[in-house]
Amino acid sequence: MFTPIIDSLFIFSIITPIIGFFTPKKSSCLICGAVSAGGYIISMAYLLHILPQILTSPIRIPMETSAVSTSIVIDVPGSLMSLLALALGLFATIYSMRFMERDSGTPLYYSLLMAMVTGIVGASYSGDLFTLFIFWELMCITSYVLVGFRRNVKESVEAAIKYMLMSGVGSATILFGMSLLYGLTGTLNLPRIALSLKAGGEPWLYASLGMLITGFGIKAAIVPLHVWVPDAYAAAPSPISAIIAGASTELAVFVICKLLFFIFPVIKVSWMEFFSVFAVLNMVLGNIVGLLQNDVKRMLAYSSVAHIGYIFIGIAAGTKLGLTASLLHMFNHGLMKALAFLCMGAIIYRIGSRNLEDMAGIGRRMPITSTAFTIAVLGLIGMPPLNGFISKLLLFMSCLDSGMLWLGILLIIFSAVSTGYYIRILKALIAAPRDERLSDVKEAPILILIPICCLAFLMILLGIWPDPILRFAEESSSWLMEVGRYA
Amino acid sequence: MPSFSAYLACAIILYIIGLYCLVTKRNLIRLVMGVEILINAAHINFIAFSAYWVPGFIDPLARSIVIVSIGLAGCFGAVLLSFTVYAYRHYGTLDVRRMRELRG
């Protein structure tokens, strides 16, 4: 159909509910989880198998490029994004095998989760705006259902409705922006648009750019449009929060990067200031409002808003180093935030509360989860042996490189401010248990611990040996910056 | 036959009507209609541009993206309306301003 990477995800997302129909209800959560985990593993194995070939030249499907045919281009930047999405999808699936066992309809849950990852992978590989829009909508519509999956809980229905209304406006705005771009160039193919836009900035081009950035910015949580983020992250099941925070927001930022460096290099001068303003707004609001929260999942959601601000710093710098730093921080933030949400989910699974006060002293009862949570939080702060440090250092260097020292200083100041609420989480983890309620809490089950330990190990590994992922990000940014290599 | 810019103006007016509906209305079903109006504005734009570039030739690419997108808009409407049913069961009302379980 398309490529084995996307096909295996599609096929497994169709057969998972069929298998779930024939298995007894008691064990369907485990069996369907194992089946869909197999789909992720096949797809990831094929991606790793063809990775050396991708590094030399991108693979096009279908091969001929006429103006009408739509295409999927398997290239280096898309591989970086889809590797993150596939890894997080696999971990979330293994995690859900125990986490979702009390819910009904789990075969459909795995199917929707897989369709969402398919949307992320397909959108990151899309070579034209048509394919991008279809896979984008696939990701959006499945994520709405997953956020409101516990339909008998009041707050999850409310969060899903808030999320749908904002994100639906975003999708419509994206479609309108695409139609303007189509009207300007007569094609939807990305390299062709890039070639035919060389003429210069007309007012309609600015309108189209504004609409596309607004539409994708709703998903990426740019500050005036971030209202759905804390509600949706807090009300969704934890593996879903992990994958929305770790892969879907990252995809939106990735698409913004791709469009900016691909289609709009003509008007480069004006968007650098524009994005530095957004970066500052995101950092200020995310970190200050994060300090006021008591619900840990909302706190992590605001920290996500702040981290989107850090990623925008690299885009605002506009150089190759800046784009490398942005892509690297995107990857690292996906790992860190997913780990933090999964650890929080393990704690919710045992104590049934999201409140910071209720989890005081949990470190004595759940040592492995708490250690992993500490690693995630230290990574989000940017402590040296972890992967968050490397990408923040690169972001700071890219600021110096392009003469925006003030932005780099703000990055350091707001990282320090953010330590204020991360320290509260750490304090709650290591405090002495206060009440008797926690005395019979045990360590999380093994299927929940496996993905947590894998992610924590990956964070430490990429922190002390960042070379492969750094070169991957560098190669991606050089592909994004030279449109001519695609033609 | 109306000129090309009439179609563009029509699309932009529809977009503004959709946004106005989303900002002022409180009933959830009206909000669903607002989002659908926004999507249809983009569809009209695509169809108008498909006949703009080469006189006498209509680009099939724009037609196909509109047809696919109508299907996607239908999916969106179905999901949002089914959540509306659940919201009505929980809250007993369709007024979005009275759904304040989560503090923003």
Side-chain angles (χ1 to χ4, degrees), chain A residues 67-70 128-130 133-134 136-138 140-142 144-145 147-148 151-189 204 207 211 227-228 230-232 234-235 295 298, chain B residues 4 7-8 11-12 14-15 18-19 22 28 31-32 34-50 52-54 59-62 64-66 68-69 71-73 75-91 94 96 99-104:
Chain A
V68 187
S69 74
T70 60
D128 65 40
L129 294 176
F130 187 12
F133 184 72
I134 291 171
W136 178 264
E137 283 289 296
L138 177 64
C140 284
I141 291 175
T142 47
Y144 305 146
V145 184
V147 166
R151 58 192 185 279
N152 299 320
V153 183
K154 220 175 179 181
E155 58 165 21
S156 92
V157 171
E158 186 190 325
I161 285 176
K162 269 188 188 173
Y163 178 32
M164 281 197 84
L165 285 174
M166 290 211 63
S167 187
V169 176
S171 298
T173 313
I174 289 168
L175 197 62
F176 204 94
M178 281 181 185
S179 73
L180 289 179
L181 208 53
Y182 171 72
L184 284 172
T185 57
T187 174
L188 286 173
N189 193 304
W204 286 111
M211 284 186 143
V227 197
W228 62 273
D231 296 343
D295 177 338
R298 290 181 84 86
Chain B
F4 170 73
Y7 290 109
L8 194 57
I12 291 170
L14 262 187
Y15 191 84
L19 279 186
L22 282 169
L28 255 176
L31 294 180
V32 180
V35 177
E36 298 289 329
I37 291 173
L38 280 184
I39 296 173
N40 282 337
H43 291 167
I44 287 182
N45 228 354
F46 261 114
I47 295 294
F49 280 126
S50 75
Y52 170 68
W53 275 93
V54 186
D59 191 355
L61 178 64
S64 48
I65 192 171
V66 167
V68 170
S69 172
L72 290 171
C75 294
F76 176 83
V79 174
L80 188 44
L81 285 175
S82 63
F83 275 122
T84 308
V85 173
Y86 283 110
Y88 186 75
R89 282 187 196 159
H90 285 306
Y91 292 90
L94 287 178
V96 275
M99 296 179 191
R100 293 219 172 272
E101 199 75 6
L102 296 156
R103 58 236 181 277

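Labels below follow one simple rule: chain letters A, B, ... track the order of the sequence lines, proteins then strands, and each chain is numbered from 1.
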Bottom line for T185(A): the part with an atom under 4.5 Å from chain B's heavy atoms is backbone
Cut-off 4.5 Å, heavy atoms of chain B, and the answer for W136(A) is neither
Turns out that what part of L28(B) lies under 4.5 Å from chain A's heavy atoms comes down to side chain
When the 4.5 angstrom heavy-atom criterion is applied to L184(A) and chain B, the contacting part is backbone
Only residue of K162(A), M166(A), E155(A) satisfying side-chain contact (heavy atoms from CB on, under 4.5 Å) with D231(A) is K162(A)
Whatever's closer than 4.5 Å to a heavy atom in chain A on V68(B) counts as side chain
Value for OG (S179(A)) from CD1 (I47(B)), rounded to nearest 0.5 Å, stands at 10.5 Å
dist L22(B):CG -> I37(B):CD1 (nearest 0.5 Å) comes out at 8.5 Å
Closest heavy-atom pair, V66(B) versus H43(B), reported as atoms and distance to 0.1 Å, is CG2-O, 3.9 Å
The interface call for A73(B) against chain A, heavy-atom contacts under 4.5 Å, is neither
message: Between F76(B) and M164(A), is there a side-chain heavy-atom distance shorter than 4.5 Å?
response: yes
Minimal heavy-atom distance between S171(A) and C140(A), with the atoms involved, is OG-SG, 4.3 Å
When the 4.5 angstrom heavy-atom criterion is applied to L138(A) and chain B, the contacting part is neither
Ranking I39(B), V35(B), V96(B), L80(B) by heavy-atom pairs under 4.5 Å to chain A gives rank one to L80(B)
Original post:
Taking C-beta and beyond as the side chain, do T84(B) and Y88(B) meet within less than 4.5 Å on heavy atoms?
Top reply: no
So, the part of S82(B) with a heavy atom under 4.5 Å from chain A: the answer is neither
